Amino acid sequence: MAADAPTLSSQERAGKAFPVSWDQFHRDCRALTWRLNEVGPFHAVVAITRGGLVPAAIVARELGVRVIDTVCIASYDHDKQGELQVLKGVSADTAKLGGGTGKGLLIVDDLVDTGKTGRLVRDMMPDAHFATVYAKPMGRPLVDTYITEVSQDTWIFFPWDTALSFQPPIRDGAA
Ligand SMILES: O=P(O)(O)OC[C@H]1O[C@H](OP(=O)(O)OP(=O)(O)O)[C@H](O)[C@@H]1O
Ligand SMILES: O=c1[nH]c(=O)c2nc[nH]c2[nH]1
Ligand SMILES: [Mg+2]
């Protein structure tokens, strides 16, 4: 590649935009919980930070689960994926609840895209149930329960990353 060739971000490569409002996200999390309620009960919810924190709070509230832990992973810097770094694993108490393999634990994230994050966390807790609100085809096989599939060339815009702004009329070339 030429030194000055533009590097496209994951978001730019995606091409299509799928904006999600708070209201839509809350509804999708509740729909996810209806499905999870058939699978549980779960000893604890494990949120993959940071995107998994919001759905984990809603799902835990709906399922009546009060033990909530986190796995903290850093990978995308805004919208470019780099090396995955595990900043924090689950606590010893949570690991014990999952019998060392994650059995009876519910892992929650906002989405799977390439599946790299999901694979890393699944490998830590192979018997846990893994749920995401949204799934793209590459990551979908890793997920046990999800609500909405979007195409691989779609970028999901979450309500905590966005704000209301002016949009040019479609007639003038808006996407
Ligand atoms: O399937 P993958 O290609 O691994 O991508 C999915 C992950 O990417 C996003 O997290 P991100 O790394 O952006 O961090 P954040 O949750 O802190 O925003 C999202 O919340 C998932 O955890
Ligand atoms: O906000 C986001 N939207 C996405 O579609 C996505 N894929 C990976 N990481 C992501 N973050
Ligand atoms: Mg994340």
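Atoms within each ligand, like the ligands themselves, are counted from 1 in listed order. Model, not experiment: these values are computed from the prediction. Nothing fancy with the numbering, it's 1 onward along the sequence. Just so you know, these numbers use all the heavy atoms, side chains as well, and skip hydrogens, waters and symmetry mates.
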Quiz item: For ligand 1, which atoms have a heavy atom of Ser75 less than 4.0 angstrom away?
Solution: 12 (O)
Quiz item: With a cut-off of 4.0 Å, which atoms of ligand 1 are near a heavy atom of Gly115?
Solution: 1 (O), 2 (P), 3 (O)
Self-check item: ligand 1 contact on Asp109 by region, counting heavy-atom pairs under 4.0 Å
Solution: side chain
Practice problem: Could you name the option among Met138, Arg119, Lys116, Arg50 that has the heavy atom nearest to atom 17 (O) of ligand 1? | Solution: Arg50
Quiz item: Are Val86 and Ile107 joined in one hydrophobic group, where the rule is that I, L, V, M, F, W and Y side chains link up if heavy atoms are under 4.5 Å apart?
Solution: yes
Quiz item: Does the side chain of Thr132 pick up a donor-acceptor pair with the side chain of Asp109 at under 3.5 Å?
Solution: no
Quiz item: Considering only heavy atoms of Lys136, which atoms of ligand 2 have at least one such atom less than 4.0 Å away?
Solution: 4 (C), 5 (O), 7 (N)
Practice problem: Would you mind listing which atoms of ligand 1 come within a distance below 4.0 Å of any non-hydrogen atom of Thr49? | Solution: 16 (O), 17 (O)
Quiz prompt | Any side-chain donor near an acceptor of the partner, Lys88 and Thr70, under 3.5 Å | solution = yes
Practice problem: Heavy-atom contacts with Asp113 under 4.0 Å: which atoms of ligand 2 show up? List them by number with element. | Solution: 6 (C), 7 (N), 8 (C)
Quiz item: Against heavy atoms of Gly51, which atoms of ligand 1 measure under 4.0 Å?
Solution: 15 (P), 16 (O)
Quiz item: Mind checking whether Leu111 has an N or O less than 3.5 Å away from an N or O of ligand 2?
Solution: no
Practice problem: For the pair Trp160 and Phe158, name the ring-plane relationship: parallel under 30°, tilted 30 to 60°, perpendicular over 60°. | Solution: parallel
Quiz item: Counting only heavy atoms, which portion of Phe157 has something under 4.0 Å from ligand 2: side chain, backbone, both, or neither?
Solution: neither
Self-check item: Distance-only polar pair, side chains of Asp113 and Tyr134, donor-acceptor under 3.5 Å
Solution: no
Quiz prompt | Spacing of Glu38 atom CD and Thr33 atom OG1 [to the nearest 0.5 Å] | solution = 12.0 Å
Practice problem: Using a strict 4.0 Å cut-off to heavy atoms of Val112, name the atoms of ligand 1 that fall inside it. | Solution: 1 (O)
Self-check item: Value rounded to 0.5 Å, distance of CZ in Arg140 from CD in Glu149
Solution: 4.0 Å
Practice problem: Measure the CZ-CZ distance between Arg61 and Arg30 for me, rounded to the nearest 0.5 Å. | Solution: 7.0 Å
Exercise. Compare every heavy atom of Ile58 with every heavy atom of Cys29, then report the nearest pair and how far apart it is.
Key: CB-CG2, 3.6 Å
Self-check item: Residue Asp110 vicinity, atoms of ligand 1 by number, heavy atom under 4.0 Å
Solution: 19 (C), 20 (O), 21 (C)
Exercise. State the atoms of ligand 1, each with its element, that fall below the 4.0 Å cut-off from a heavy-atom position in Leu111.
Key: 6 (C), 19 (C), 21 (C)
